[in-house]
Amino acid sequence: YNLRIAAADIANVIDFKTVSISLTSLAHAILQKSLSLARSTLNNIASPTSDLELGIIAYGKLGSMELGYNSDLDIVFVYNQPADELPADKLKRRYYFSRLVQRLLHVLTTRTSAGDLYSVDTRLRPSGHSGTLVTPIQAYAEYLHQSAWTWELQALIRARLIVGGDSLNTKFEEVRREALCKLRKPEKLKQDIIKMRARIREKYGITKGFNLKYDTGGLVDVEFLCQYLVLSNASSFPEIISYRGSLDIIHKAKELNLVSVEDSNLIEQIIKSYLAKQHTLKLNRLPLELPLESFDRERNCVSRLWDKYVEN
């Protein structure tokens with residue numbers, strides 16, 4: 001199926017947005033099938049008597065349905081912890097879901113003669129590497145409300161539950177809404193985002209040419225601009241958090257008069273140009289570093305809009 005998507009892309013039968021949606025849908029289906037396979041191998045481990053569903057929260061481009069070729073899967077695992085469960089049963093529940101997630105990751109990442117399925121990144125879980133691999137949804141909520149950094153809230157904008165039942169999804173959406181719609185101190189939010197952008201640029205953006213993703217005026221600047229618009233306005237316009245991808249966010253921001261029509265149209269065209277180029281480069285397994293003069297007009301526009309809406 002991945003080959004079919006690529007073939008249709010090369011033949012210009014589908015555009016970059018359809019490519020992203022198709023790749024995201026494929027990853028979703030593979031996750032569900034892999035989870036079923038992983039669960040079938042746990043016959044020797046006692047399962048909880050209720051609330052057996054594992055929730056998989058998709059972050060990054062998987063969450064915003066903007067997945068590209070050869071993309072990692074940024075995912076976080078949660079489960080429901082019944083409040084009245086005995087301590088011994090809580091431990092059994094945690095052990096069961098921990099083993100299930102370990103088996104799932106093994107299925108997804110084991111290299112075979114046919115290759116591997118995906119690279120998986122779980123570092124966005126509460127407390128990162130020092131946190132547990134799978135978390136009760138209640139503890140996940142507590143972390144977001146009490147301990148999350150601004151960059152973790154930026155990541156949460158894209159997040160959605162892609163595996164798990166209606167009850168777990170309802171709880172996740174409530175947690176996400178409360179975290180994103182909280183009233184924030186404007187200056188602190190602005191400085192947090194500016195500092196994080198500077199850190200990323202320092203780490204990845206020093207190149208001889210133009211790195212389409214990390215350099216000044218590139219994709220990350222556009223994404224941070226859109227995320228700033230969400231976090232700075234969600235308390236007044238909670239409907240904006242329903243949109244996860246940059247194109248959808250900027251379109252909604254235009255409807256809410258958070259950006260001008262002219263600026264919105266300009267950003268939308270730049271996003272489309274950048275993403276189309278990124279898809280082409282990844283499809284051909286080429287680096288994202290382009291000649292220095294590439295996208296010169298677009299980069300200047302992004303920098304101007306960053307100054308206007310973020311650093312104003």
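The first residue in the sequence is number 1, and the count goes up from there. These numbers were taken from a predicted model, which means no experiment stands behind them.
- Minimum heavy-atom separation, Ala155 to Leu124: CB-CD2, 4.1 Å.
- Shown here is Glu239, whose CD atom has more than 12 heavy atoms of other residues, nucleotides or ligands within 6.0 Å.
- With hydrogens and angles disregarded, a donor-acceptor distance shorter than 3.5 Å links the side chain of Asn284 to the backbone of Thr280.
- Atom-to-atom distance recorded for Thr18:OG1 and Asp9:CG is 9.5 Å, nearest 0.5 angstrom.
- In Asp307, the CG atom is crowded: over 12 heavy atoms of neighbouring residues, nucleotides or ligands sit closer than 6.0 Å.
- Contact record, Ser235 with Leu183: OG-CD1, 3.5 Å, taken as the closest heavy-atom pair.
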Begin with the C-alpha distance, continue with both residues' side-chain angles, and end with the deciding distance and a verdict on side chain to side chain contact (heavy atoms under 4.5 Å, CB included) for Leu219 and Leu288. CA-CA 11 Å; Leu219 271 169; Leu288 295 182; over 6 Å; no
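- Ion pairing between a basic and an acidic side chain is recognised when a charged N comes within 4.0 Å of a carboxylate O; Glu85 and Arg93 show such pairing.
- Between Thr216 and Arg299 the shortest side-chain heavy-atom distance does not fall below 4.5 Å.
- Atom-to-atom distance recorded for Ile5:CD1 and Ser22:OG is 5.0 Å, nearest 0.5 angstrom.
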key: Working for salt bridge (charged side-chain N to carboxylate O under 4.0 Å, His left out), residues Glu174 and Lys171   = CA-CA 5 Å; Glu174 289 175 355; Lys171 291 179 180 179; over 6 Å; no
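- Under a 3.5 Å cut-off, the side chain of Arg176 and the backbone N or O of Ile157 do form a donor-acceptor pair.
- Between the CD1 atom in Ile267 and the CD atom in Glu262 there is a gap of 10.5 Å [rounded to 0.5 Å].
- Around atom NZ of Lys90, more than 12 heavy atoms belonging to other residues, nucleotides or ligands sit under 6.0 Å away.
- Here CG of Leu286 is found 12.5 Å from CD of Gln278. Values are rounded to the nearest 0.5 Å.
- Of all heavy-atom pairs between Ile57 and Val78, the closest is CD1-CG1, 3.8 Å.
- Remark: Asp15 does not engage Lys17 in a salt bridge, criterion side-chain N to carboxylate O under 4.0 Å.
- Side chain of Gln138 to main chain of Gln81: a donor-acceptor pair is present (N/O by atom type, distance under 3.5 Å, no hydrogens or angles).
- Taking the side chain as every heavy atom from C-beta outward, Lys213 and Tyr274 never approach each other to under 4.5 Å.
- Counting heavy atoms from C-beta outward, Lys254 and Asn265 have side chains that approach closer than 4.5 Å.
- Side-chain heavy atoms closer than 4.5 Å link hydrophobic residues (I, L, V, M, F, W, Y) into clusters, and following such links, possibly through other members, connects Ile45 to Leu105.
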Report the C-alpha separation of Leu31 and Leu62 in whole Å, then their side-chain angles, then the decisive distance to 0.1 Å, and conclude whether the side chain to side chain contact (heavy atoms under 4.5 Å, CB included) test is met. CA-CA 11 Å; Leu31 275 171; Leu62 179 61; 4.2 Å; yes
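- Linking Ile, Leu, Val, Met, Phe, Trp and Tyr whenever their side-chain heavy atoms come within less than 4.5 Å leaves Leu52 and Ile137 in two separate clusters.
- Using a 4.5 Å cut-off on side-chain heavy atoms (C-beta onward), Arg125 and Tyr59 make no contact.
- Salt bridge annotation for Asp263-Lys308: present, with a cationic side-chain nitrogen under 4.0 angstrom from a carboxylate oxygen.
- Among all heavy-atom pairs drawn from Ile270 and Cys301, the shortest one is CD1-CB, 3.8 Å.
- Under the 4.5 Å side-chain heavy-atom criterion for grouping Ile, Leu, Val, Met, Phe, Trp and Tyr, Tyr204 is connected to Ile194 within one hydrophobic cluster.
- In terms of modelled atom types and a separation under 3.5 Å, the side chain of Ser98 and the main chain of Arg94 share a donor-acceptor contact.
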Quiz item: Could you walk me through whether Glu289 and Lys208 pass the salt bridge (charged side-chain N to carboxylate O under 4.0 Å, His left out) check?
Solution: CA-CA 8 Å; Glu289 185 173 337; Lys208 294 180 180 179; over 6 Å; no
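- Counting heavy atoms from C-beta outward, Val107 and Arg103 have side chains that stay 4.5 Å or more apart.
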- Query: Step by step, would you call Met196 with Trp149 a side chain to side chain contact (heavy atoms under 4.5 Å, CB included)?
  - Reply: CA-CA 11 Å; Met196 179 52 64; Trp149 297 82; over 6 Å; no
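- In this structure a side-chain-to-backbone donor-acceptor pair under 3.5 Å is missing from Ser236 to Asn233.
- One N or O on the side chain of Thr170 and one on the backbone of Asp166 form a donor-acceptor pair closer than 3.5 Å.
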Next item on the list: Applying side-chain hydrogen bond (donor to acceptor under 3.5 Å, both in side chains), run through Glu187 and Gln191 and close with a yes or a no.
Entry: CA-CA 6 Å; Glu187 189 59 32; Gln191 291 305 316; 3.0 Å; yes
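- Aromatic pair Tyr228/Tyr309: ring centres not closer than 6.0 Å.
- The pair Lys252-Glu255 counts as a salt bridge, with a side-chain nitrogen and a carboxylate oxygen less than 4.0 angstrom apart.
- Considering Leu231, Leu153, Thr150 as possible partners of Asp192, the one that fulfils the side chain to side chain contact (heavy atoms under 4.5 Å, CB included) test is Thr150.
- Grouping the Ile, Leu, Val, Met, Phe, Trp and Tyr side chains by contacts below 4.5 angstrom, directly or via other members, places Leu256 with Leu247.
- Placement of Tyr79 and Leu91 in two distinct hydrophobic clusters is found when ILVMFWY residues are connected by side-chain heavy-atom separations under 4.5 Å, directly or transitively.
- The two residues Tyr118 and Ala27 make their nearest non-hydrogen contact at OH-CA, 3.3 Å.
- A salt bridge links Glu66 to Arg158: at least one charged side-chain nitrogen sits closer than 4.0 Å to a carboxylate oxygen.
- A heavy-atom distance below 4.5 Å is not found between the side chains of Val222 and Leu305.
- Contact between Gly218 and Phe210 at its shortest, heavy atoms only, is CA-CZ, 4.0 Å.
- Legend: residues meeting ring pair (Phe, Tyr, Trp, His ring centres under 6.0 Å) with Tyr69, ordered by chain and number and at least two apart, are His279.
- Remark: His106 NE2 is loosely packed, at most 12 non-hydrogen atoms of other residues, nucleotides or ligands lying under 6.0 Å away.
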Where do Arg201 and Asp221 land on the side chain to side chain contact (heavy atoms under 4.5 Å, CB included) test, with the steps shown first? CA-CA 10 Å; Arg201 185 177 294 141; Asp221 278 8; 3.3 Å; yes
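- Without hydrogens or angle criteria, Ser25 side chain to Ile21 main chain gives a donor-acceptor distance under 3.5 Å.
- Asp215 places no side-chain N or O within 3.5 Å of a backbone atom of Leu212 that could act as its donor or acceptor partner.
- Without hydrogens or angle criteria, Asp248 side chain to Arg244 main chain gives no donor-acceptor distance under 3.5 Å.
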(message) Test side-chain hydrogen bond (donor to acceptor under 3.5 Å, both in side chains) on Ser273 and Gln269; report intermediate values, then the result.
(response) CA-CA 6 Å; Ser273 297; Gln269 288 303 314; 5.4 Å; no
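- No side-chain donor-acceptor contact under 3.5 Å links Ser71 to the backbone of Leu67.
- For the pair Phe77 and Ile75, the minimum side-chain heavy-atom distance is below 4.5 Å.
- Residues Arg39 and Leu35 form a side-chain contact, since some pair of their non-hydrogen atoms from C-beta on lies under 4.5 Å apart.
- To the nearest 0.5 Å, atoms NZ (Lys92) and CZ (Phe97) are separated by 14.5 Å.
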